[in-house]
Amino acid sequence: MVILQGKSVFGGVAIGKIQFFKRDEIQIKRRHVDDPEAEIRRFRTAKEKALSELQQLYDKALTDVGEANAMIFEAHQLMLEDPDYNDSVENIINTQKVNAEYAIGVTSDNYAAIFEAMDDAYMQGRAADVKDVSNRLLSQFAKKQNASFEMTEQVIIAADDLAPSETVQLDKDKVLAFITVEGSANSHTAILARTMNIPAVIGIGDTLTPKYDGKLAIVDGQEGKIYIDPDEEILVAMRKKQAVEQEQRELLETLKGKENVTRSGQKINLYANIANVSDVGAALRNDAGGIGLFRSEFLYLENETYPTEEQQFAAYRQVAEMMAGKRVIIRTLDIGADKQVGYFNLEKEDNPAMGLRAIRICLTRPELFKTQLRAIFRASAYGQIAIMFPMIISVSEVRRIKEIMDEVKTGLRADGIAFSDQIETGIMIETPAAVMISRELAKEVDFFSVGTNDLTQYTLAIDRQNRNLDSFYDSHHPAVLSMIQMAAENAHAEGKWIGICGELAADLSLTERFLQMNIDELSVAPGMILPLRKKIREL
Ligand code: PEP
Ligand code: MG
């Protein structure tokens, strides 16, 4: 038996086989081909597709960021059509009778090396462009080759790390637990594990290696321990622990239908955080009073291209209908930072957490924003929908958002499409700037929801993704708690309500403090609603 130690993200015991997560990585293997002509045709088809992708990128960049910035895609097209580059690939295929991927890989390495060896810094930088263009070409083959990662039975997923987009694409019913080499406790992958109610241990380090693929293991989520090839004694003990957990869950069931009220009569709303429609079941099973945070960006993360208005409308409508009149707060697109979506073609940034993300993307791409807003407004005719906006730092942003919302409403009226005229609008309080001007912001909106994950990150200047900083990431820091208090006082001074939807909302050691601050709502992973209700009723 081997015991590995990591950081606990979500409790619970899981017993099953380990399966290592395999990415759709572009792996270039040299393969002999009998028919070089056919291989050259494969290369040319891929090239045409890559060229048309680049044309789309160029067109989009032209409208979004102007001609000067769009030029890069034109340059990439020229590189792809460069006769020397093409001759090199086709020659390698012909003379060596090898596959196109291999010929592209060799050509890319050769050309990049030539650029890198040049004296001029500008020319050296072009090596990255050659690699980028070649990777785009290679990805055309990869799309077909790599069927998605499949699980044939329920397994413990092991990985070096998982991106949020990868996590959401896994078949949840087959995932017993997540264990990862890297990862930070505040990352979106960790948050997803909590939402999915799946035991998770992260930051295990290099001791978690693929040699454990297929081995029987036990994950003790609470202790952050993994037992590989467990001996009989541990198996018996862990099965017992599992049974105790099950009993506790059943006990919590008895709290269903009961009020979230303290002994002195103070009430608070308990809502659920969800990432997509399939999480609504868990919200309902756990007696959520509403949805306090629908992370709508997961609709984008799960898609291969921008989800259409219809697609989004269908999802929002379904959630509104399933929640049957209970409040559903849809947070508009919060892409960027760790939530990267390839087809957004966002530039690589040195400081992505402080970069073009969330509302900043929506305000620079109003058409994208309007599509989402139209879908949300349309869904408002089917339930009690509220909208909230992430990463707000100024009153002018909120006013601009309102103008855009008005344009969307005018458009819907002109099209004769029904929507509710009682949609509440709110903002997330997740930057120190928003806290400091919360009195002004409160005049503009109906409610606040504190995103403590980002508020902690930006207040303490700690990258929430960096696992080496987990010990510094202190969301109980007095500065963070004072900020929540300040936002609450300012919201209430303007007669508005305030909730918390970051992970801190589920921290039972702070529940009493939040009640003292008169927080009106806590929105948490569905599995945390009943433990919170228990805590509140005991206070
Ligand atoms: C937060 O920042 O606390 C929050 C709820 O938003 P997200 O975790 O999705 O960034
Ligand atoms: Mg956030």
Side-chain angles (χ1 to χ4, degrees), residues 9-10 163-165 167-168 183-196 270-276 279 283 290-302 329-341 351-362 386-393 397 426-435 447-466 470 473-477 479-481 483-484 487-488 498-507 510 514 519 521-526 528:
V9 162
F10 195 74
S165 56
T167 314
V168 285
S184 108
N186 311 295
S187 64
H188 282 95
T189 302
I191 291 172
L192 280 172
R194 286 183 205 116
T195 307
M196 291 151 103
L270 290 184
Y271 290 178
N273 292 349
I274 62 166
N276 48 42
D279 295 332
I291 302 296
L293 169 64
F294 180 173
R295 288 186 163 95
S296 69
E297 57 275 9
F298 283 91
L299 284 175
Y300 294 71
L301 282 164
E302 288 165 341
I329 305 177
I330 301 177
R331 181 206 25 218
T332 57
L333 184 63
D334 187 11
I335 286 294
D338 64 322
K339 285 177 286 196
Q340 289 294 332
V341 184
N351 284 309
M354 300 201 200
L356 187 61
R357 58 169 293 201
I359 200 68
R360 301 170 186 178
I361 296 183
C362 291
I387 313 183
M388 78 176 165
F389 304 97
M391 286 290 296
I392 294 296
I393 56 165
E397 281 171 345
I427 55 167
M428 293 194 67
I429 299 288
E430 44 188 357
T431 62
V435 175
F447 67 93
F448 286 163
S449 187
V450 187
T452 52
N453 311 331
D454 278 317
L455 186 59
T456 307
Q457 153 163 274
Y458 297 123
T459 303
L460 305 185
I462 288 180
D463 178 358
R464 67 193 263 198
Q465 287 297 112
N466 187 337
D470 273 357
Y473 185 98
D474 173 17
S475 35
H476 287 210
H477 193 291
V480 177
L481 296 175
M483 292 227 183
I484 301 174
I498 180 166
I500 302 177
C501 63
E503 297 301 285
L504 211 58
D507 188 329
L510 287 174
F514 292 149
I519 298 292
E521 173 245 21
L522 295 172
S523 190
V524 295
M528 279 308 293

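In each ligand, atom 1 is the first atom listed, and ligand 1 is the first ligand listed. Because only heavy atoms are used, hydrogens play no part in the values below, and waters and symmetry mates are left out as well, while side chains stay in. Count residues from 1 along the sequence.
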> Apply side chain to side chain contact (heavy atoms under 4.5 Å, CB included) to the pair Cys501 and Asn273, showing each step before the final yes or no.
CA-CA 7 Å; Cys501 63; Asn273 292 349; 4.1 Å; yes

> Is the closest heavy atom of Lys339 to ligand 1 under 4.0 Å?
yes

> As an exercise, identify every atom of ligand 1 less than 4.0 angstrom from a heavy atom of Arg464.
2 (O), 7 (P), 8 (O), 10 (O)

> With the side chain counted from C-beta on, respond yes when Thr431 and Leu455 share a heavy-atom pair under 4.5 Å apart, and no when they do not.
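In short, these two side chains do not touch, never coming nearer than 4.5 Å.
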
> Looking only at protein heavy atoms, which one is nearest to atom 5 (C) of ligand 1, and how far off is it?
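I find the closest protein heavy atom is Arg295 NH2, 3.5 Å.
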
> Applying side chain to side chain contact (heavy atoms under 4.5 Å, CB included) to Met483 and Val480, what does each step give before you reach the verdict?
CA-CA 5 Å; Met483 292 227 183; Val480 177; 5.7 Å; no

> Are Ile392 and Ile359 side-chain neighbours, meaning at least one heavy-atom pair lies under 4.5 Å?
yes

> Hey, which atoms in ligand 1 end up nearer than 4.0 Å to a heavy atom of Ile191?
8 (O)

> Indicate yes or no: at least one non-hydrogen side-chain atom of Ile274 is less than 4.5 angstrom from one of Leu293.
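Result no, sub-4.5 Å side-chain heavy-atom pair not found.
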
> Just wondering, do Ile484 and Ile519 contact through their side chains at under 4.5 Å, heavy atoms?
yes

> Enumerate the atoms of ligand 1 whose separation from the nearest heavy atom of Asp334 is less than 4.0 angstrom.
10 (O)

> Any chance you could lay out the side chain to side chain contact (heavy atoms under 4.5 Å, CB included) test for Thr332 and Ile330, step after step, and finish with the verdict?
CA-CA 6 Å; Thr332 57; Ile330 301 177; 5.8 Å; no

> Just need the protein heavy atom nearest to atom 7 (P) of ligand 1, so name the residue and atom and give the distance.
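Among all protein heavy atoms, the one nearest atom 7 (P) of ligand 1 is His188 NE2, 3.2 Å.
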
> Quick one: which ligand 1 atoms are inside 4.0 Å of a heavy atom on Gly502?
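Going through ligand 1 atom by atom, the ones under 4.0 Å from Gly502 are 3 (O), 5 (C).
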
> Checking side chain to side chain contact (heavy atoms under 4.5 Å, CB included) against Met391, which of Met428, Glu430, Glu397 comes through?
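The option that passes is Glu430.
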
> Of Asn453, Val450, Leu504, which has the heavy atom at the shortest distance from atom 3 (O) of ligand 1?
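It is Asn453 whose heavy atom sits nearest to atom 3 (O) of ligand 1.
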
> Might you work through the side chain to side chain contact (heavy atoms under 4.5 Å, CB included) test for Met528 and Leu522, ending with a clear yes or no?
CA-CA 10 Å; Met528 279 308 293; Leu522 295 172; over 6 Å; no

> If you count the atoms of ligand 1 from 1 in the order shown, which ones are under 4.0 Å from a heavy atom of Leu293?
5 (C)

> Checking the side chain of Thr459 only, and the main-chain atoms of Thr456 only, is there a donor and an acceptor separated by less than 3.5 Å?
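No; zero donor-acceptor contacts below 3.5 Å.
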
> Hey, does Arg331 sit under 4.0 Å from ligand 1 if you only count heavy atoms?
yes

> Salt bridge check, Glu297 against Arg331: does any charged N sit closer than 4.0 Å to a carboxylate O?
yes

> Check this for me: does any side-chain nitrogen of one of Arg464 and Asp454 sit under 4.0 Å from a carboxylate oxygen of the other?
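Answer for the salt bridge query: yes.
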
> Which of the numbered atoms in ligand 1 are below 4.0 angstrom from a heavy atom of Met428?
4 (C), 5 (C), 6 (O)

> Do any protein N, O or S atoms sit under 2.8 Å from the Mg ion (ligand 2), and which ones are they?
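Within the sphere that stays under 2.8 Å of the Mg ion (ligand 2), the protein atoms of type N, O or S are Glu430 OE1, Asp454 OD2.
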
> What atoms of ligand 1 come closer than 4.0 angstrom to any heavy atom of Glu430?
1 (C), 2 (O), 4 (C), 6 (O)

